[in-house]
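Heads up, the thing below is written out as structure tokens.
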Amino acid sequence: MATTIVLLRRRDLRLHDNPALYYAAKKGEVLPVFVLDDTTTDQQSSAQNWWLYRSLEQFTTNFKAIGGELIIRRGDTRTIILELIKQTSAQAVFWNRCYEPTVYIKDQQLAKQLDQMGMVMQTFESQLLLSPWKTKKADGMPYKVFTSFYKNLQKQEIHRPLPALSSISMARVDVLSLPMAELDLLPTSNWTKKLERHWDVREQAALDKLQQFTERSLIHYKDERDYPAVARHSALSPYLATGLLSARTVYYHVLECDIYGEAFLRQLAWREFSWHVLFHFPESLHQPLNEKFSSFRWDNDKTLLDLWKKGKTGYPLVDAGMRELWETGFMHNRVRMLAASFLTKHLLIHWEKGADWFFDTLVDADLANNTMGWQWAAGTGADAAPYFRVFNPVLQGKKFDEEGEYVKRWVPELKLLPAKYIHEPHKAPENVLRAAHITIGKDYPAPIVDHKAARTRALGRYDEVKKK
DNA sequence: AGAAAATTTTT
DNA sequence: AAAATTTTC
């Protein structure tokens with residue numbers, strides 16, 4: 001009799017380079033079960049829940065084509081897995097590892113219990129290029145500095161991606177599977193309708209995008225990735241975040257495409273670094289990695305936070321970014337850094353509030369990248385931008401969106417304003433504003449804080465903790 | 001992976 | 001006087 005293997009699925013809804021799926025299919029008859037575990041969710045992401053719903057839909061179809069059928073369940077992972085083992089007399093459990101701190105801990109407890117029961121249990125790396133413990137400093141400690149982490153990573157052997165699975169033999173058992181609607185992944189509001197227009201949530205779309213990115217943009221990536229109006233970014237992050245695309249597949253595809261892709265692979269390495277740091281310092285989810293900042297005095301003004309969320313700060317590049325996020329579930333990385341710097345430094349709002357908003361609205365919501373990114377921007381991280389680096393939203397605009405193309409795309413009320421004034425509309429002469437059909441304070445807000453004053457104030461707050 | 005101010009160099 | 005470079009926060 002063939003071995004029955006329970007295959008626990010989470011954010012790995014793909015057929016290519018999927019080790020747990022690949023080896024389970026090779027070794028026995030498989031019972032693949034997708035578990036939505038409400039008990040271990042660190043943070044909820046509305047945008048990503050929508051993405052996950054679509055991922056499940058497409059995977060179910062792809063999986064059927066190779067003879068598979070996905071069981072869908074919701075609840076406590078351990079309870080569900082143990083119940084399935086009992087029902088099916090399965091002898092083995094396989095899964096691809098997840099590294100969200102609470103998920104990882106619960107997975108380990110499950111692993112221990114399965115081991116005690118005498119079950120065959122195997123876990124695999126599928127999310128990262130290298131598991132978080134594979135990179136260590138000479139003294140055995142985890143890294144806190146990106147560049148040295150990156151050097152280590154470059155020296156290591158990274159697994160080649162596995163081929164896409166082409167057939168699977170299912171365990172012939174009859175177990176309960178929920179209809180997808182019962183996962184409550186789609187929000188009650190119709191906000192996500194907008195997202196449908198911008199994203200193609202299919203495994204094949206991810207692979208096609210990767211191909212297109214390397215063909216069209218990779219060669220320009222190093223020089224042009226910082227210009228949000230020029231779409232040179234890969235836009236692969238949501239596919240990576242939910243596991244529709246394998247990082248190893250991306251890595252080897254870029255390495256083997258005859259274009260020098262170091263600048264891009266470096267960004268992929270930041271993702272590795274984020275998960276490395278989160279894995280070894282899980283408290284960084286809520287605590288500043290640089291302890292000095294635990295006593296930092298934040299203002300946390302609710303009104304200002306709301307204006308920031310709505311993209312009504314009076315700084316066009318910040319507002320454009322916040323509106324791109326609301327419309328598409330995505331924001332260009334250069335603008336993410338600016339918006340984050342603005343919230344934490346100009347508005348003195350705790351980075352966690354910003355992180356929560358980003359996480360909820362980003363289709364690429366990634367717990368480690370998001371947390372690391374916000375701590376970096378706030379200057380509270382270990383390898384962060386020094387706190388005194390305060391982005392000037394006007395200068396950032398002039399530098400990275402000189403013609404205001406990006407601003408005009410997302411802040412249409414400024415469409416008629418000449419490029420000269422696009423990053424500081426309130427400074428445009430009366431007649432220019434009139435010609436552009438803009439009344440400051442009515443059609444577009446005046447800056448909610450003065451840059452110079454806010455900068456000085458932020459540096460003052462920094463001085464308070466610096467002394468300690 | 002900043003910005004502003006101070007200083008030096010070039011017109 | 002303006003531009004380029006260095007220093008400081």
Side-chain angles (χ1 to χ4, degrees), chain A residues 143-151 153-154 220-228 230 232-234 237 261-277 284 288-290 292-293 296-297 313 315-318 321 331-348 351 354-355 358 364 366 368-402 406 423-424 427 447 449-468:
Chain A
Y143 286 98
K144 275 189 169 182
V145 176
F146 174 73
T147 41
S148 36
F149 171 85
Y150 187 44
K151 273 183 199 146
L153 182 82
Q154 284 173 311
H220 306 287
Y221 185 81
K222 186 173 177 288
D223 297 323
E224 296 180 5
R225 70 193 182 90
D226 268 330
Y227 299 92
V230 191
R232 291 302 188 201
H233 58 284
S234 71
S237 54
E262 196 273 338
F264 177 73
L265 292 178
R266 196 183 172 83
Q267 295 307 115
L268 201 60
W270 267 100
R271 176 176 178 271
E272 295 287 312
F273 181 57
S274 299
W275 281 101
H276 174 82
V277 172
S284 70
L289 260 171
N290 181 345
K292 263 199 276 186
F293 283 89
F296 190 87
R297 213 149 53 82
T313 68
Y315 287 99
L317 190 51
V318 175
M331 196 195 304
H332 187 280
N333 188 53
R334 163 64 41 187
V335 193
R336 287 189 202 198
M337 292 194 278
L338 175 62
S341 167
F342 188 82
L343 186 79
T344 53
K345 293 172 183 176
H346 287 76
L347 303 183
L348 290 171
W351 59 265
F358 269 32
D364 65 21
D366 171 301
N369 268 346
N370 195 47
T371 308
M372 155 76 71
W374 275 92
Q375 290 232 30
W376 182 89
T380 63
D383 190 14
Y387 192 86
F388 51 76
R389 281 187 192 168
V390 179
F391 282 61
N392 179 330
V394 178
L395 286 186
Q396 289 284 313
K398 287 180 178 167
K399 209 165 156 188
F400 296 110
D401 190 33
E402 204 180 353
Y406 176 78
H423 295 294
E424 32 195 357
K427 282 197 179 160
V449 287
D450 174 66
H451 166 67
K452 212 175 163 189
R455 180 173 190 273
T456 314
R457 190 174 58 156
L459 293 176
R461 291 290 166 95
Y462 172 62
D463 280 338
E464 292 174 17
V465 298
K466 199 176 73 175
K467 286 177 198 122
K468 297 192 176 176

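Side chains are part of it too, since the values below use all heavy atoms of this structure and drop only hydrogens, waters and symmetry mates.
Residue A:D226 contributes atom CG, which lies 8 Å from atom P of B:dG2 at whole-angstrom precision. Per the geometry, CZ belonging to A:F400 stands 8 Å off P belonging to B:dA3, to the nearest Å. Atom-to-atom, NZ of A:K452 to C1' of B:dA4 comes out at 9 Å; the value is rounded to the nearest Å. The CZ-P distance, from A:R455 to B:dA3, rounds to 9 Å in whole Å. Here B:dG2 presents its P atom at 5 Å from CH2 of A:W376, a figure rounded to the nearest Å. Atom-to-atom, NE2 of A:H346 to P of B:dG2 comes out at 14 Å; the value is rounded to the nearest Å. Rounded to an integer number of Å, the gap from A:L317 CG to B:dG2 P is 13 Å. Here B:dA4 presents its P atom at 11 Å from CG of A:D450, a figure rounded to the nearest Å.
Partners of A:N290 according to the side-chain hydrogen bond (donor to acceptor under 3.5 Å, both in side chains) rule, which considers only residues two or more places apart in sequence or in another chain, do not exist here. With sequence neighbours left out, A:R457 forms a salt bridge (Lys or Arg N to Asp or Glu O under 4.0 Å) with A:D299.
If you check every strand for non-hydrogen atoms under 4.0 Å, A:R334 touches sugar and phosphate atoms only.
Where DNA chain B pairs in unbroken runs of 3 or more (Watson-Crick or G-U, both distances under 3.5 Å), the stems are B:2-10 with C:1-9.
Within the structure, a side-chain polar atom (N or O) of A:N392 is placed less than 4.0 Å from OP1 or OP2 of B:dA4. Not one side-chain nitrogen or oxygen of A:H451 sits closer than 4.0 Å to the OP1 or OP2 atom of B:dA3.
Among residue pairs with one or both ends in residues 377-393 of chain A, those qualifying as side-chain hydrogen bond (donor to acceptor under 3.5 Å, both in side chains) are A:Q375-A:T380, A:N392-A:H451; sequence neighbours excluded. Listed by first then second residue, pairs satisfying salt bridge (charged side-chain N to carboxylate O under 4.0 Å, His left out) with a partner in residues 262-276 of chain A read A:E262-A:R266, not counting sequence neighbours. Sorted by first then second residue, the side-chain hydrogen bond (donor to acceptor under 3.5 Å, both in side chains) pairs that include residues 334-343 of chain A, not counting sequence neighbours, are A:D226-A:R334, A:R334-A:Q396, A:R336-A:D364.
At least one donor-acceptor pair closer than 3.5 Å links the side chain of A:H423 to the backbone N or O of A:D401.
Between A:Y462 and A:F296 the shortest heavy-atom distance is N-CE1, 3.9 Å.
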